[in-house]
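Written out below as structure tokens is the structure these notes cover.
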There are 2 protein chains.
Amino acid sequence: MAEDAHSTLTRRIRDAILTGEFVASQRLVEADLTARFGASRSAVRLALVNLANEGLVERLPNRGARVRSISVDEAVEIVEVRAGLEALCARKAAEQLGDEDAEELRALRDAIESAVRGGDLIGYSELIQELDRRIREYSEHVTAGRLLEQLHAQSARHQFRLAFAPGRAATSLAQHLAIIDAVLARDPDAAERATREHLGDVAAILAALG
Amino acid sequence: MAEDAHSTLTRRIRDAILTGEFVASQRLVEADLTARFGASRSAVRLALVNLANEGLVERLPNRGARVRSISVDEAVEIVEVRAGLEALCARKAAEQLGDEDAEELRALRDAIESAVRGGDLIGYSELIQELDRRIREYSEHVTAGRLLEQLHAQSARHQFRLAFAPGRAATSLAQHLAIIDAVLARDPDAAERATREHLGDVAAILAALG
DNA sequence: GTCCGTCGAATTGTCGACGATCTGTCAGAC
DNA sequence: GTCTGACAGATCGTCGACAATTCGACGGAC
């Protein structure tokens, strides 16, 4: 993932999709993107191919690209896969947590608790994402990490809907604290179990909402 | 995955990598591939980008592409991830196995047993791959299936070395039969457990061999 | 009113050429 | 003998033009 021109463009289009600037199923015409981002058509094409491989964009031969819309069934599938991968990462993280990592994790735990106490749902949601990222990092599992990053990007929109499900914050908080505590306790089994439990709930709620 | 020209080229280059025609770390110069496959440079470029996204090829900015070589550590990681995903698929397959699927699976079981009895290691290896493919199919889990396909391709070479580890066939056979029987018995827990057990062994052996 | 074939605009796919970047080599200074 | 800097070859990155395809609009036949 170098920082040259086409990577930047890929990132810019990805951001536009993730922030909802381009809505689901919207057509992404190469000429339009060329004008909008001031890049050449080759660069746009390359970016679209990359995003198609990431699963954010759908490319039909001779018919152009569009923002891929993810069905509820597929969102559930993604959460099921995430459960397996994040459980693996949580386990590894618990096994090999360094002392300074533990310090960071405790600080994050405090931040999460105070965000919830303050009723800051947006901040809470961001901190949870940070938590996921940290656990991936501590696990040092690059293969799982790479796949998880893709899956997160794909289901970003569904995540969002989930955050505001009524009464969700309380159980979500408890589950995340359980994950953190298991990792801090260096207990791999508990970390894996807590992660699975949490994502099992997420899958169930997603399926019910759909 | 349409069947137009550039997809075909992507597949052809992928096959060349998987069959060992292009060895690990070998440089893939665009001009050479252009001549060899009779395609234009754009097509070659696109194929390389796709393969890079699949993880089979490594592309360094301004320095070209080469066949990505996968370290033993990474091969172990891949098997760990596969364990999670294949366990999920085995579970789903066990949950929703159709009667005609069961029939096919029984036939495959017989074929596997007779391959081992006949000492046909190559045939056995192919049948095991077929088994994996079938379980993915029965699980109807497209997300997990797509990721597994990528991971299989990446670790194809290491798979190969594994098949000829001394005394491996016997335990491998027992483990695969256990997976098949659990799925046939429509027992999701057993199917997941048997799959994890098998891949846990594979990871251990890979790590030891490295 | 409906069906069918033709035509044209919009859009993607392909190509070859040009410019930019990297790598290795070689001469010269010290 | 070693180091430095310029040069040249190889290779990738970018661009604009042209060809191929799709899709909708239009008009005529029945």
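Owing to the predicted nature of the structure, the values given are computational and were not obtained by experimental measurement. Chain letters run A, B, ... following the sequence lines, proteins first, then strands; residues in each count from 1. Atoms considered below: every heavy atom in the structure, side chains included; atoms not considered: hydrogens, waters and symmetry mates.
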I'd like to know if the side chain of [X] reaches the main chain of [Y], judged simply by a donor and an acceptor atom lying under 3.5 Å from each other, with no hydrogens or angles considered.
{"X": "A/Asp120", "Y": "A/Val116", "answer": "no"}
{"X": "B/Glu77", "Y": "A/Thr143", "answer": "yes"}
{"X": "A/Ser125", "Y": "A/Leu121", "answer": "no"}
{"X": "A/Gln154", "Y": "A/Glu54", "answer": "yes"}

Any salt bridge (charged side-chain N to carboxylate O under 4.0 Å, His left out) pairs touching residues 195-210 of chain B, not counting sequence neighbours? B/Glu192-B/Arg196
Is a side-chain donor-acceptor pair under 3.5 Å present for A/His152 with A/Glu86? yes
Would you list the protein and nucleotides 5-8 of chain D atom pairs, both N or O, that sit under 3.5 Å from each other?
none

Base, backbone or nothing for each nucleotide of nucleotides 8-13 of chain C, written B, S, -, heavy atoms under 4.0 angstrom, 5' to 3'? ---SBB
Rounded to whole Å, CG of A/Asn50 lies from P of D/dG13 at a distance of 12 Å
Spacing of A/Leu46 atom CG relative to D/dC15 atom C1', expressed in whole Å: 14 Å
Are the side chains of B/Leu33 and B/Leu28 in touch, meaning some heavy atoms are under 4.5 Å apart? yes
Once rounded to the nearest 0.5 Å, what's the spacing between atom OG1 of B/Thr8 and atom CD1 of B/Ile13? 11.5 Å
What does B/Ser40 touch in the nucleic acid at a heavy-atom separation under 4.0 angstrom: a base, only the sugar-phosphate, or nothing? sugar-phosphate
